[in-house]
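Accompanying notes for the structure given below.
Labels below follow one simple rule: chain letters A, B, ... track the order of the sequence lines, proteins then strands, and each chain is numbered from 1.
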There are 2 protein chains.
Amino acid sequence: MPPIVGVIGGGQLARMMIPRAIELGIELRVLAESDGMSAQLAATAVGDYRDADTVLAFARDVDVITFDHEHVPQDVLAQLIEAGVSVHPGPAPLAIAQDKIVMRQELSRLGLPVPIWASVTTPAELDTFLMDNGGRVIVKTPRGGYDGKGVRLVSSSRDVADWFEAGDPLLAEELVSFTRELAQLAARSPSGEISLWPLVESIQQDGVCAEVVAPAPALTAGRSDAAAEIARSVAEKFGVTGVLAVELFETSDGRLLINELAMRPHNSGHWTMDGAVTSQFEQHLRAVLDLPLGATAARSPWTVMINVLGGPTSGTIADRYPIAFANQPTAKFHEYGKAPRPGRKVGHVTVSGDDLDDVVYRARAAAAILKD
Amino acid sequence: MPPIVGVIGGGQLARMMIPRAIELGIELRVLAESDGMSAQLAATAVGDYRDADTVLAFARDVDVITFDHEHVPQDVLAQLIEAGVSVHPGPAPLAIAQDKIVMRQELSRLGLPVPIWASVTTPAELDTFLMDNGGRVIVKTPRGGYDGKGVRLVSSSRDVADWFEAGDPLLAEELVSFTRELAQLAARSPSGEISLWPLVESIQQDGVCAEVVAPAPALTAGRSDAAAEIARSVAEKFGVTGVLAVELFETSDGRLLINELAMRPHNSGHWTMDGAVTSQFEQHLRAVLDLPLGATAARSPWTVMINVLGGPTSGTIADRYPIAFANQPTAKFHEYGKAPRPGRKVGHVTVSGDDLDDVVYRARAAAAILKD
């Protein structure tokens with residue numbers, strides 16, 4: 001019998017696990033939110049991941065449960081554990097990923113570098129935080145945010161008056177003066193093996209990852225080592241299993257600060273599918289099955305990944321293949337099986353090569369054809 | 001709507017098309033011979049490819065029909081064409097692939113280099129051919145042979161007395177004195193675009209491809225050009241669409257002779273999945289959909305592919321992953337979802353790198369763990 005991995009959530013991250021599962025002979029089963037999701041091909045069940053009975057029924061006979069997202073409620077996770085199901089990442093690291101205030105508390109407790117932050121429950125608390133931190137700060141809803149949603153730049157508590165109405169605490173953070181954003185991808189297995197990919201630069205647009213350059217240009221060894229050490233600490237001390245992404249600010253005064261954590265394969269790691277010996281999706285499968293991890297070296301001096309956001313203004317991505325393939329024969333095209341919609345991540349393009357300017361040019365040209 | 005490719009045959013070649021189809025957002029549908037075939041995940045129908053009604057029903061609503069093997073009968077192909085189905089490769093090149101005597105006739109007609117050959121229908125004809133060609137020759141059944149089956153080394157017509165009983169002609173060929181076997185992989189689209197991968201060396205064991213080294217070591221530019229020219233001629237003059245493999249003998253006196261043709265993705269091209277910018281499976285999908293072809297450059301100085309023949313003596317390939325992954329973290333493992341059986345191709349392993357000796361060592365070590 002092949003190993004069986006059950007994935008909760010049918011989005012593009014689950015979809016991108018399928019190819020390597022096929023190649024390794026691992027059976028992948030997906031619990032999708034609805035019909036026609038990105039990971040449809042491997043969907044063996046459709047249902048609500050917040051419903052314990054649905055999830056328990058799905059988890060029967062799998063060797064391990066893992067995730068396309070971090071939103072499975074703690075009480076459902078607890079029932080899985082109680083039923084003897086192997087769950088990776090487990091409830092404890094997921095609890096940290098599920099609440100940005102908890103995440104900041106835990107990171108601070110470990111002494112890991114984070115922006116100055118506060119949990120604010122009233123407009124008065126936020127106004128005090130604003131006054132202490134230059135008059136402009138970032139406010140985030142602790143739960144459910146992604147891709148820039150649930151994040152605002154505010155200069156007055158009035159800017160998030162609607163969020164205060166719910167009465168729940170909000171996360172306030174200093175507006176970090178950063179030169180660029182970096183991301184350190186790692187994987188950890190239940191046995192404790194850790195692997196790290198090269199540190200990359202990620203370029204955001206409107207709060208969404210738009211481009212990734214691997215490795216991050218002009219890195220000192222000290223900077224790479226610091227990022228690796230942060231990811232290693234997070235993985236070990238939070239007991240993360242599977243892939244972990246640590247999004248970092250590189251500050252103008254040369255520090256690294258943790259911006260976000262993702263305890264799953266991550267957009268900043270899509271370049272590994274074409275650019276690294278072992279992709280984040282293969283590594284995630286290896287890790288959650290507690291198999292030895294694969295080599296993470298880059299296959300080329302440079303790899304650039306560009307998201308296709310929104311998709312073409314008319315027709316489908318595949319309609320653009322005749323032009324895109326002809327123009328950029330070295331580009332690797334990835335399509336997520338999702339209908340185009342403004343700002344939506346519907347695919348990505350990767351180009352690898354020896355000359356960074358040339359690689360960036362080709363990747364942008366290829367992605368532009370899919371978006372125009 | 002995504003493009004839809006229908007594949008007749010559910011073996012490992014169909015299986016290995018699935019990952020790239022997913023990544024490109026191409027819908028792949030497979031007509032499998034039975035349940036539980038290698039390409040099960042994409043099997044939308046199970047039936048006999050020799051039955052026209054079965055094949056016609058399967059072909060409804062696909063954009064193109066292509067193949068896991070070359071055995072679909074000509075009358076079935078003719079009915080597909082008559083029904084207006086796009087079929088790639090088409091009936092004419094498949095007729096050449098289906099009969100080794102026809103293949104030799106057509107290659108000779110075009111003046112392409114082949115071993116000395118004859119069609120022999122009686123023992124007396126074979127004995128004459130034996131006498132003219134050094135007393136030891138190769139005899140092949142024109143149809144249905146693969147992986148060394150239907151091929152014998154004979155020194156007397158008595159060695160193939162059983163084959164003569166059917167009364168059909170046999171193919172007799174000189175025993176070529178070759179230094180090694182090479183393979184030239186190519187792809188051609190219906191529009192006429194042709195792409196060629198680097199020329200590789202293939203090492204056979206008992207008539208089965210065991211190892212492939214890409215590119216073939218110690219190649220002169222003249223040798224590469226000659227192989228490319230042969231593949232280009234075959235693709236153009238036979239009107240091949242999709243992937244074409246030309247297996248070649250490099251003779252001790254420096255010539256290239258065509259040994260076999262395969263008009264589909266081929267074992268000698270499995271290295272491209274991990275070792276080339278565009279794999280043979282992606283290129284086949286692009287070609288049969290008449291999309292522009294992808295770049296075929298090697299990703300590393302050396303890539304070595306080793307077949308897993310037979311599989312482990314006990315348990316499954318996946319049972320060996322803990323040891324294999326730990327020992328060879330740079331190896332890429334491919335499993336075909338087939339039960340182990342002596343001599344059967346159940347998977348392959350690929351390693352890429354800068355030093356050929358090291359790459360060969362690692363690939364052999366990885367494959368050995370899966371076979372022991």
Side-chain angles (χ1 to χ4, degrees), chain A residues 1-3 15-16 18-28 38-42 193 195 273-275 277-278 282 286 289-297 299-300 315-319 321-338 346-348 351-353, chain B residues 1-3 15-16 18-28 38-42 193 195 273-275 277-278 282 286 289-297 299-300 315-319 321-338 346-348 351-353:
Chain A
M1 291 292 294
R15 178 191 182 96
M16 289 187 267
I18 306 173
R20 288 307 291 154
I22 293 171
E23 290 175 357
L24 291 174
I26 292 167
E27 183 177 337
L28 200 76
S38 239
Q40 173 76 27
L41 188 63
E193 184 183 1
S195 76
M273 297 174 80
D274 300 302
V277 174
T278 305
E282 174 173 346
R286 288 180 180 230
L289 285 166
D290 207 10
L291 289 166
L293 302 178
T296 51
R299 299 276 326 250
S300 299
T316 66
I317 284 183
D319 293 338
Y321 282 167
I323 297 171
F325 287 7
N327 271 267
Q328 298 301 330
T330 64
K332 306 309 299 174
F333 295 88
H334 297 262
E335 202 265 350
Y336 303 160
K338 293 161 71 176
V346 294
H348 73 267
V351 174
S352 297
Chain B
M1 292 291 295
R15 179 190 181 97
M16 289 188 267
I18 306 173
R20 288 307 289 154
I22 293 171
E23 290 176 355
L24 290 172
I26 292 167
E27 184 178 335
L28 202 75
S38 238
Q40 174 76 26
L41 188 63
E193 185 183 0
S195 75
M273 297 173 81
D274 299 302
V277 174
T278 305
E282 173 173 347
R286 288 180 181 231
L289 285 166
D290 207 11
L291 288 167
L293 303 178
T296 51
R299 299 272 332 247
S300 299
T316 66
I317 284 183
D319 293 339
Y321 281 167
I323 298 170
F325 287 8
N327 270 268
Q328 298 300 330
T330 65
K332 305 309 298 176
F333 295 88
H334 297 262
E335 201 266 350
Y336 303 161
K338 294 159 72 175
V346 294
H348 73 266
V351 174
S352 297

Side chain, backbone, both or neither: which part of [X] has a non-hydrogen atom closer than 4.5 Å to chain B?
X: Thr316(A); answer: side chain
X: Met16(A); answer: neither
X: Ala318(A); answer: side chain
X: Glu27(A); answer: neither
X: Ala324(A); answer: neither
X: Leu293(A); answer: backbone

Approximate separation, where rounding is to 0.5 Å, of Ser195(A) OG and Arg286(A) CZ: 9.5 Å

Between Ser300(A) and Arg299(B): side-chain donor-acceptor atoms closer than 3.5 Å: yes

Against chain A, label [X] side chain, backbone, both or neither, depending on which of its atoms sit under 4.5 Å from a heavy atom there.
X: Ala297(B); value: neither
X: Ser352(B); value: side chain
X: Arg15(B); value: both

Side chain Lys332(A), main chain Val277(B), donor-acceptor under 3.5 Å: yes

Aromatic plane relationship, Phe325(B) with Phe333(B) - under 30° parallel, 30 to 60° tilted, over 60° perpendicular: tilted

Residue, of Leu289(B), Ile323(B), Leu41(B), that accumulates the most heavy atom pairs under 4.5 Å with chain A: Leu41(B)

